[in-house]
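Below, each value reflects all heavy atoms present in this structure, side chains not excepted, and no hydrogens, waters or symmetry copies. Order of listing sets the numbers, starting from 1, for every ligand and every atom in it.
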Amino acid sequence: QSIPPSRPSDPPIHVAVVACGGEDRVEETIVNIKALVLFSTIRITFHVFADEELQPSFRDRIKKWPSYFRRQFTYTIYNITYPEDGQQENWRRLFKPCASQRLFLPSILQDVDSILYVDTDILFLSPVQEMWGEFDKFNSTQLSALSPEHEDPRVGWYSRFARHPYYGVTGVNSGVMLMNLTRIRNAEFKWQQMLLPLYVKYSLNLTWGDQDLLNIIFHYNPEMLRMMPCNKNYRPDHCMYMQMCASTAHEGVRVMHGCRRSFHIDKWPTFRSVYAAVRDF
Ligand SMILES: *[C@@H]1O[C@H](CO)[C@@H](O)[C@H](O)[C@H]1NC(C)=O
Ligand SMILES: *[C@@H]1O[C@H](CO)[C@@H](O)[C@H](O)[C@H]1NC(C)=O
Ligand SMILES: *[C@@H]1O[C@H](CO)[C@@H](O)[C@H](O)[C@H]1NC(C)=O
Ligand SMILES: *[C@@H]1O[C@H](CO)[C@@H](O)[C@H](O)[C@H]1NC(C)=O
């Protein structure tokens, strides 16, 4: 399999992932990138934000891939950084750098129009162009797309436990996020200036870090968010007791999210097997 040279009509596909922690995060990120490349027929530009000590191992693993595979994408590795906006000390003091890195992508990636952000524990099982096509469905006020955190408010986490505002009836999950960075940069509400005061106000009530902040932001600005179906961010919660995600019935799982460490433990054999299959390819 070899991808033909880019055509002018191809959208420039940018994917961002943030890897911090131990060596297992490197493996997860590598498997994540491999699946994205494997299922796509278009070149992808990856922006990998990683702890400095993980960067060599990451480069080494990519070098070992066959050249025909490596030709299908380019990547840049970045240190975890805060924007140079005079607020660095506050950011540093308040935020865990890794968890919040994605919130700063609009100012860090100044030259990038739009990005697909993925958590490390994401596996694409479908061409990335399909996900990217969601951007074409944005109306004039939408600047991001996410899937619901849950399908049923009676058993959803936010609807039962959250101590802060959240989007819609079940909140949103931030593991797979489309961001039109141009729109976020141009938005009247000044994304970056908003983060710090929100964080200060709600810090004692946040459980899931930046995902909670995103829920608060889109609670107050619902016109800016587009919802994606659950099969574009399919999690163990969707099949723990029964099938909760209707969009899988005809389209299957397009993007799998191995949260709750489901790629690594025995509790959800399907999640673990899919991960192992891509890892071992
Ligand atoms: C990351 O930071 C270190 C020191 O702070 C620097 O030496 C290195 O070049 C940086 N790496 C990247 C990818 O920017
Ligand atoms: C993002 O928004 C800008 C401004 O509205 C638009 O020009 C651009 O085409 C959008 N990007 C994508 C991928 O839709
Ligand atoms: C945080 O949670 C407490 C307890 O539920 C609530 O009383 C308080 O209003 C919350 N803080 C904010 C800023 O919403
Ligand atoms: C775009 O869609 C969102 C979500 O459905 C909606 O709240 C918003 O009003 C729409 N914007 C326009 C300009 O129609």
Side-chain angles (χ1 to χ4, degrees), residues 16-21 25-26 29 33 45-63 74-84 88-89 91-92 94 97-98 101 104-105 107-112 114 133-149 157-172 177-180 182-184 186-189 194-230 232 247:
V17 60
V18 181
C20 294
R25 285 291 151 173
V26 179
T29 309
I33 291 177
T45 303
F46 289 98
H47 303 267
V48 181
F49 295 81
D51 280 343
E52 235 182 293
E53 58 269 28
L54 299 184
Q55 295 176 7
S57 154
F58 186 85
R59 287 200 182 85
D60 287 346
R61 283 163 180 260
I62 296 229
K63 263 190 221 139
T74 56
Y75 73 98
T76 308
I77 299 186
Y78 304 78
N79 287 333
I80 304 291
T81 52
Y82 292 107
E84 307 272 332
Q88 290 98 311
E89 272 319 302
W91 300 131
R92 220 180 295 280
L94 289 173
C98 224
Q101 183 71 96
F104 301 109
L105 294 179
S107 58
I108 296 172
L109 301 175
Q110 282 287 344
D111 299 331
V112 179
S114 291
E134 293 284 323
F135 278 123
D136 298 335
K137 301 180 192 163
F138 278 27
N139 69 21
S140 61
T141 50
Q142 287 165 336
L143 45 74
S144 181
L146 292 163
S147 296
E149 166 63 25
W157 195 91
Y158 284 107
S159 34
R160 289 185 297 159
F161 306 121
R163 291 180 296 139
H164 57 77
Y166 53 90
Y167 177 88
V169 285
T170 59
V172 281
M177 182 177 188
L178 291 173
M179 302 169 87
N180 183 320
T182 305
R183 288 191 179 184
I184 295 176
N186 294 344
E188 228 166 89
F189 70 164
M194 196 173 54
L195 296 172
L196 206 53
L198 278 184
Y199 184 83
V200 170
K201 178 167 178 194
Y202 292 104
S203 56
L204 295 175
N205 294 22
L206 302 181
T207 305
W208 307 110
D210 58 334
Q211 173 171 301
D212 292 345
L213 270 186
L214 290 166
N215 267 287
I216 296 170
I217 292 172
F218 292 122
H219 171 87
Y220 291 111
N221 303 279
E223 72 285 358
M224 295 182 177
L225 186 62
R226 184 177 172 81
M227 290 312 277
M228 295 197 286
C230 46
K232 288 187 155 59
S247 51

- Item | Given Thr76, Val26, Ile33, the one that forms side chain to side chain contact (heavy atoms under 4.5 Å, CB included) with Val48 | Ile33

- Task: Can you see which heavy atom on Pro148 is nearest to which on Met228, and at what distance?
- Result: CD-O, 3.3 Å

- Task: Locate the shortest heavy-atom distance separating Phe218 from Tyr167; write the atom from each residue and the value.
- Result: O-CD1, 3.4 Å

- Task: Could you grab the distance from atom CH2 of Trp208 to atom CZ of Phe161, nearest 0.5 Å is fine?
- Result: 10.0 Å

- Task: Output the distance between atom CG (Asn180) and atom CZ (Arg226), rounded to the nearest 0.5 Å.
- Result: 13.5 Å

Shortest protein contact, [atom] (heavy atom only):
{"atom": "atom 4 (C) of ligand 3", "answer": "Arg163 CD, 4.1 Å"}
{"atom": "atom 5 (O) of ligand 1", "answer": "Glu52 OE1, 3.9 Å"}
{"atom": "atom 14 (O) of ligand 3", "answer": "Tyr202 CE2, 3.5 Å"}
{"atom": "atom 13 (C) of ligand 1", "answer": "Ile77 O, 3.4 Å"}
{"atom": "atom 9 (O) of ligand 4", "answer": "Glu223 CB, 4.0 Å"}

- Look at ligand 3 and say whether His164 reaches it with a heavy atom at a distance under 4.0 Å. no

- Query: Are the side chain of Ser247 and the backbone of Pro229 linked by a donor-acceptor contact shorter than 3.5 Å?
  - Reply: no

- Message: I'd like to check the ring pair (Phe, Tyr, Trp, His ring centres under 6.0 Å) partners of His164; sequence neighbours left out, ordered by chain and number.
- Response: Tyr158

Should you measure from each heavy atom of [X], which atoms of ligand 4 turn up under 4.0 Å away?
{"X": "Asn139", "value": "1 (C), 2 (O), 3 (C), 8 (C), 10 (C), 11 (N), 12 (C), 14 (O)"}
{"X": "Thr141", "value": "1 (C), 8 (C), 10 (C), 11 (N), 12 (C), 13 (C)"}
{"X": "Ser140", "value": "13 (C)"}

- With heavy atoms under 4.0 Å as the rule, classify the contact between Met227 and ligand 4 as side chain, backbone, both or neither. neither

- Task: Using heavy-atom distances, let me know which of Val48, Asn79, Thr81 sits nearest atom 12 (C) of ligand 1.
- Result: Asn79

- Message: Using a plain distance cutoff, I'd like to know if Asn205 has any nitrogen or oxygen under 3.5 Å from a nitrogen or oxygen of ligand 3.
- Response: yes

- Please work out which of the three classes, parallel, tilted or perpendicular, describes the rings of Phe49 and Tyr78, given edges at 30° and 60°. parallel

- For atom 2 (O) of ligand 3, decide whether some protein heavy-atom distance is shorter than 4.0 Å. yes

- Between Gln55 and Asn79, does a side chain to side chain donor-acceptor pair (under 3.5 Å) hold up when you go through it step by step? CA-CA 9 Å; Gln55 295 176 7; Asn79 287 333; 2.8 Å; yes

- Identify, by atom number and element, the atoms of ligand 3 in contact range of Lys201, meaning under 4.0 Å from any of its heavy atoms. 13 (C)

